[in-house]
Amino acid sequence: MKDTTIACIFDLDGVLVDTAVYHYQAWKKLANSLGFDFSHEQNEQLKGVNRMRSLDKILDWGGVQKTEQEKEELATLKNTWYVDMISKMSASEVLPGSLELLEALHAKGIKIALGSASKNSGLILERTNLTHFFDAIVDGNAVTTSKPDPEVFVKGAGLLEASAEDCIVFEDAAAGVEAALAAKMAVVAVGEEKNLPGADIYVKDLAGVSVQQLIDLVVQKNK
């Protein structure tokens, strides 16, 4: 099997970079402006969830009801604060092992796509100097359904001209792992099995995985 027959699709937040802290700070600021707060534990439920669904959860936690128009305005306000925060990001915020793995994949000619719910992925990749590694970008601006629906990964594979059985997804959210499994793809989970059931490999960060491991994983699954 040639190296280039595998293709890799990466989630962004929590896998390549850690923007979760900025989402949390922006949502917390919004909740506080509405007169309530929410916990780190509750915030875990927002991982991999799109903006409007996250807002609905937060409003439920605060017992606050808003019209659809008001929700749109609140989501826009949160995003304005969030974009202001991530605009100050730098390459130093790339998570351990991420740059090295992207470089190794790139050196072997393995195609790489982004599969993220973020609508600000372009800005984040630019600020962290990762844009040039990606052959395709599928983010929140390019899909109509969010994870756990597999649309984001199916589109990523299509743009890479790769079959699902040759694709490996890198995820840190349960909804993302579920989406990858629904797309019939191999999954490397950044996190613990108890939080991310169903993945093929579990790592603390991308320093824990090699290109050869990825090739072997696809070979094994396709036997």
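All values reported here derive from a predicted model rather than from experimental measurement.
- Taking CG from Leu206 and CD from Glu100, the interatomic distance works out to 9.5 Å, rounded to the nearest 0.5 Å.
- Among residues two or more places apart in sequence or in another chain, the ring pair (Phe, Tyr, Trp, His ring centres under 6.0 Å) test is passed with Trp81 by none.
- For Lys71, the NZ atom counts as densely surrounded, since its 6.0 Å shell holds more than 12 non-hydrogen atoms of other residues, nucleotides or ligands.
- Pairs passing the salt bridge (charged side-chain N to carboxylate O under 4.0 Å, His left out) check and including a residue from residues 138-153, sequence neighbours excluded, read Asp11-Lys147, Lys147-Glu171, Glu151-Lys155.
- Between Phe38 and Tyr24, the distance separating the two ring centers is shorter than 6.0 angstrom.
- Without hydrogens or angle criteria, Lys119 side chain to Asn141 main chain gives no donor-acceptor distance under 3.5 Å.
- Of all heavy-atom pairs spanning Leu160 and Ala113, the tightest one is CD1-CB, 3.6 Å.
- Expressed to the nearest 0.5 Å, how far CG of Leu55 lies from NZ of Lys57 amounts to 12.0 Å.
- Nearest heavy atom pair, residue Gly191 against residue Leu196, reads CA-CD1, 3.8 Å.
- To the nearest 0.5 Å, atoms OG (Ser54) and CG (Leu46) are separated by 4.5 Å.
- Between the side chain of Glu70 and the backbone N or O of Thr67, at least one donor-acceptor pair lies under 3.5 Å.
- Side-chain atoms of Ser116 never come within 3.5 Å of backbone atoms of Ser121 as a donor-acceptor pair (strictly under, hydrogens ignored).
- A donor-acceptor pair under 3.5 Å is formed between the side chain of Asn222 and the backbone N or O of Glu165.
- Gln220 and Asp216 share no donor-acceptor pair across their side chains, judged by distance under 3.5 Å alone.
- Side-chain contact of Asp166 with Ser163: a donor-acceptor pair under 3.5 Å is present, judged by distance alone.
- Here OG1 of Thr131 is found 10.0 Å from CG of Leu114. Values are rounded to the nearest 0.5 Å.
- When the options Glu73, Lys66, Glu72 are evaluated for a side-chain hydrogen bond (donor to acceptor under 3.5 Å, both in side chains) with Gln69, the one that passes is Glu73.
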Show me, pair by pair, the donor-acceptor contacts under 3.5 angstrom made by side chains of residues 87-94, not counting sequence neighbours?
residue: Ser87; atom: OG; partner: Val83; partner atom: O; Å: 2.6
residue: Lys88; atom: NZ; partner: Asp84; partner atom: O; Å: 3.1
residue: Lys88; atom: NZ; partner: Asp84; partner atom: OD1; Å: 3.3
residue: Lys88; atom: NZ; partner: Asp84; partner atom: OD2; Å: 3.3
residue: Ser90; atom: OG; partner: Ser92; partner atom: N; Å: 3.4
residue: Ser90; atom: OG; partner: Ser92; partner atom: OG; Å: 2.7
residue: Glu93; atom: OE1; partner: Tyr22; partner atom: OH; Å: 2.5
residue: Glu93; atom: OE2; partner: Ser90; partner atom: N; Å: 3.2

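- Expressed to the nearest 0.5 Å, how far NZ of Lys221 lies from CE of Met185 amounts to 12.0 Å.
- A donor-acceptor pair under 3.5 Å links the side-chain atoms of Asn50 to the main chain of Arg53, judged by distance alone.
- Note that CD of Gln213 is 10.0 Å distant from CD1 of Ile168, once rounded to the nearest 0.5 Å.
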